[in-house]
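The basis for the numbers below is simple: all heavy atoms, side chains too, and nothing from hydrogens, waters or symmetry mates.
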Protein chains: 2
Amino acid sequence: MKPKLTLKKIAKELEVSISTVSKALRDSPEIGEETREKIKAFAKHYNYKPNNIALSLKNRKTKTIGIIIPEIVHHFFTTVISGVEKVANEMGYNVFVCLSDNSFDKEVLNMEMLANGSTDGFILSLAKETMQKGDYHHLKEAINQGMPLVLFDRVVDDIACDKVIIDDVTGGKKAVQYLIDCGCKNIALISTVDYVSVGKLRTHGYKQALVENNIEINEDLILKIEEMENSEAEIEEFLKNKKVDGVFAVNEHFAISAIKTIQEQGKKVPEDVSVIGFTDGELSKRFIPSLTTVSQHGMKMGEESARLLIEKLERTPSEDDYYKTIIVETELVTRNSTKSKK
Amino acid sequence: MKPKLTLKKIAKELEVSISTVSKALRDSPEIGEETREKIKAFAKHYNYKPNNIALSLKNRKTKTIGIIIPEIVHHFFTTVISGVEKVANEMGYNVFVCLSDNSFDKEVLNMEMLANGSTDGFILSLAKETMQKGDYHHLKEAINQGMPLVLFDRVVDDIACDKVIIDDVTGGKKAVQYLIDCGCKNIALISTVDYVSVGKLRTHGYKQALVENNIEINEDLILKIEEMENSEAEIEEFLKNKKVDGVFAVNEHFAISAIKTIQEQGKKVPEDVSVIGFTDGELSKRFIPSLTTVSQHGMKMGEESARLLIEKLERTPSEDDYYKTIIVETELVTRNSTKSKK
DNA sequence: TACTGCGACGAAAACGTTTTCGTGTTGAAA
DNA sequence: TTTCAACACGAAAACGTTTTCGTCGCAGTA
């Protein structure tokens with residue numbers, strides 16, 4: 001095991017100065033051709049690679065971006081990471097992935113770790129607990145220190161920064177409109193509690209669609225789930241004795257739980273009840289019946305987030321300082337959990 | 001926007017030297033109580049946090065570990081990352097996640113990025129292309145430079161390093177034995193091509209189980225799939241006109257494709273054909289019928305890998321230099337895609 | 001011969017830390 | 001009064017780079 005090669009060692013070995021080595025490797029015309037070739041040959045032969053940490057310290061930039069997500073065991077976030085990685089790598093950046101586990105404290109901790117020089121900026125989707133608390137001081141602090149920040153998916157208005165979101169309202173509306181077009185009259189909504197922005201917005205879309213079609217909003221047909229844990233039981237309880245012919249669920253899991261419950265009640269999907277989910281994951285594709293869903297294009301969200309961040313990083317700070325919000329369009333993917341449109 | 005606070009700035013502001021500040025903040029007894037308190041109060045008030053990069057350079061360690069995985073949109077890998085993150089964070093480490101996209105070149109590139117000082121060591125699962133090529137020079141080089149390396153899941157014997165694997169052979173054997181116990185006579189295997197180690201090993205387990213039960217191995221009942229892309233069609237073709245009553249698939253997707261095909265042929269799962277998969281993902285749990293699978297405990301693999309790596313990092317290099325291989329046990333999770341045992 | 005200019009290279013600062021080794025001041029012991 | 005330890009602090013090196021600014025020798029010019 002030989003320790004890493006450094007400029008200093010090369011310099012000593014070749015009996016030149018450190019600066020000469022550095023310049024030679026960067027093809028500076030200051031260095032005579034002969035010496036330059038000799039140094040480059042040596043470096044190549046012994047596989048010299050400059051030390052990233054030293055470069056980071058010198059340049060005061062790390063060429064690294066951080067992404068903090070609430071949970072990784074979740075297809076949507078996974079596709080987002082994938083998108084971020086893709087464009088980051090294309091632009092010569094590395095990606096630090098951190099998990100907040102939906103915990104406020106872990107989110108703050110992660111931000112502190114990443115903010116102390118490890119990254120040039122970050123991409124974040126808020127932890128559930130953070131949204132619930134409504135405490136965003138850590139974000140503000142980071143921005144204040146000149147750390148560019150891009151929020152995606154679970155965002156919040158209070159923070160002035162770049163954002164990448166989907167049109168949750170329109171997405172929800174599209175889904176419900178589709179159900180209505182299929183002839184559904186009694187459409188239930190299975191959503192999350194309101195402090196999760198996406199739940200709130202999709203609920204909004206649901207209501208909008210109903211209103212636009214002159215259907216009365218029946219709060220009894222709306223279920224708001226707090227905990228993922230026993231969502232299945234809650235959904236079962238909720239759908240018991242309700243005569244619904246359409247269900248819009250704000251994620252895959254709720255949708256599938258709904259289908260199971262419905263089937264257990266002896267009804268058929270989609271013949272008796274049509275079901276639409278949100279987020280286009282593996283489950284939606286391969287479940288039987290396969291799920292009609294509102295696709296979120298996580299990969300695209302990741303790509304856009306990374307692009308936005310890197311763009312900000314590589315611009316002189318004050319050149320043109322305003323914040324963008326990019327809205328990634330949703331798409332209704334129709335499969336077999338809904339009747340065909342009339 | 002105020003730039004980051006540094007020791008130097010504190011020193012200037014308080015009219016003391018940099019060393020005094022540093023020592024005061026680290027509670028050195030060298031510094032008088034009064035000055036110490038003053039400095040600490042100032043630092044706290046202005047929220048001073050030492051610069052990680054500078055620390056890394058000084059200490060020649062980054063407190064960061066890298067993990068390179070073939071693909072992230074894959075439940076198993078996702079749970080592994082989760083496990084790595086967990087113990088890494090507990091031990092005060094950060095995690096760099098990189099994706100090789102199953103490409104040899106990207107794997108090499110990623111390693112180079114991470115090896116140049118950015119991380120203290122890494123955890124890796126080989127890209128498919130790498131295993132196919134059998135070119136491991138980048139791994140050897142890293143090890144040679146003193147970079148601890150832990151290989152997991154997709155490992156290779158040629159490399160001397162710590163490893164975390166599951167007992168693929170035993171796992172496969174367990175699954176097939178279970179099928180036999182359920183009364184299956186004609187058991188098909190849907191696997192991957194042999195250069196993917198896990199495919200090879202699980203195939204091995206399949207054969208062992210048959211041999212031990214005096215069942216003849218019929219190569220016609222073995223399918224090896226190269227590309228994920230059109231695996232569904234291949235499986236359909238493969239199962240056509242075969243009278244099998246049991247299927248062992250080396251992953252969820254193959255298992256589900258098999259079930260679909262079987263159902264389309266008018267047969268029932270599990271009444272006519274029992275199916276067992278590998279990897280315990282969301283799909284297995286929620287598919288109908290829910291899948292009996294061999295669970296890999298990805299989270300545990302991640303935890304073990306991280307522990308192994310960090311242990312090596314925090315030990316003096318030559319103290320006790322041998323390599324461990326940890327075998328994480330598989331577990332057969334029985335659900336509804338298999339008949340009950342006789 | 002003396003000056004200028006240039007080619008080829010080195011010294012040193014800087015990035016932000018930690019740490020070793022001074023060094024100046026004080027108070028007390030001799 | 002002198003000497004010495006203890007105390008409180010500062011200077012400087014080091015980590016590995018890049019970059020600015022010398023500096024040295026030599027050839028060409030006046």
Side-chain angles (χ1 to χ4, degrees), chain A residues 2-40 42-43 46-64 112-113 115-120 145-146, chain B residues 2-40 42-43 46-64 112-113 115-120 145-146:
Chain A
K2 45 194 168 192
K4 287 261 174 53
L5 201 53
T6 68
L7 288 186
K8 196 192 285 190
K9 287 177 194 157
I10 300 182
K12 185 187 280 184
E13 202 67 34
L14 263 44
E15 298 183 302
V16 291
S17 79
I18 298 184
S19 12
T20 304
V21 179
S22 174
K23 287 173 194 161
L25 292 178
R26 320 197 101 242
D27 274 326
S28 157
E30 261 186 88
I31 305 301
E33 190 160 353
E34 200 183 344
T35 347
R36 205 193 319 161
E37 287 311 321
K38 186 177 62 176
I39 293 173
K40 291 180 80 169
F42 186 92
Y46 290 103
N47 193 29
Y48 169 77
K49 294 273 163 50
N51 180 310
N52 255 329
I53 297 290
L55 283 178
S56 297
L57 184 58
K58 180 110 240 294
N59 304 329
R60 267 101 135 285
K61 50 176 82 170
T62 59
K63 283 278 187 178
T64 297
E112 283 179 357
M113 281 194 92
N116 295 329
S118 307
T119 54
D120 296 340
Q145 296 201 350
Chain B
K2 46 191 166 191
K4 289 257 174 54
L5 201 53
T6 68
L7 288 186
K8 196 192 283 191
K9 286 178 195 156
I10 300 182
K12 185 187 279 183
E13 202 67 33
L14 262 42
E15 298 183 303
V16 291
S17 79
I18 296 183
S19 14
T20 304
V21 179
S22 174
K23 287 174 196 162
L25 293 178
R26 321 197 100 242
D27 273 328
S28 158
E30 263 186 89
I31 305 300
E33 189 160 355
E34 199 184 344
T35 347
R36 203 190 324 159
E37 288 312 320
K38 186 177 64 178
I39 292 174
K40 291 181 80 168
F42 186 91
Y46 289 104
N47 194 28
Y48 168 78
K49 294 272 162 53
N51 180 311
N52 256 328
I53 297 290
L55 283 180
S56 296
L57 184 58
K58 180 108 241 294
N59 304 328
R60 263 93 89 39
K61 50 176 82 172
T62 60
K63 284 279 187 177
T64 297
E112 283 179 357
M113 282 193 91
N116 296 329
S118 306
T119 54
D120 297 340
Q145 295 200 350

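Residue contacts shown for B/Thr35 are limited to sugar-phosphate atoms, with no base heavy atom under 4.0 Å away.
With sequence neighbours left out, the side chain to side chain contact (heavy atoms under 4.5 Å, CB included) criterion links A/Thr6 to A/Lys8, A/Lys9. Listed by chain and residue number, nothing satisfies the side chain to side chain donor-acceptor pair (under 3.5 Å) test with B/Ser56 (two or more places apart in sequence, or in another chain). Scored by the side chain to side chain donor-acceptor pair (under 3.5 Å) test, A/Ser17 finds A/Ser19, A/Thr20 as partners (sequence neighbours excluded). Taking the side chain to side chain contact (heavy atoms under 4.5 Å, CB included) definition, one finds that A/Lys12 meets it with nothing, sequence neighbours left out. With sequence neighbours left out, B/Glu30 forms a salt bridge (Lys or Arg N to Asp or Glu O under 4.0 Å) with B/Lys23. Under the rule for a salt bridge (Lys or Arg N to Asp or Glu O under 4.0 Å), the partners of B/Lys49 that lie at least two apart in sequence or sit in another chain are A/Glu112. With sequence neighbours excluded, the residues forming a side chain to side chain donor-acceptor pair (under 3.5 Å) with A/Lys40 are A/Asp27, listed by chain and number.
Each end of the helix from C/dT1-D/dA30 to C/dA30-D/dT1 gets its own rotation axis from five pairs of C1' atoms, and the angle between them is 90° to the nearest 10 degrees.
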Summarise how protein sits on nucleotides 10-17 of chain D as a single string, 5' to 3': B when a protein heavy atom is under 4.0 Å from the base, S for sugar-phosphate-only contact, - for no contact.
BBB-BBBB

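In summary, of the residues considered (B/Thr62, B/Asn116, B/Ile53, B/Thr119), a side chain to side chain contact (heavy atoms under 4.5 Å, CB included) with A/Asn52 occurs for B/Asn116 alone.
B/Leu25 places its CG atom 13 Å from the P atom of C/dT19, with the value rounded to the nearest Å. A/Ile31 has its CD1 atom 12 Å from the C1' atom of D/dT19, to the nearest Å. Distance B/Arg36 CZ to D/dC7 P: 13 Å, rounded to the nearest Å.
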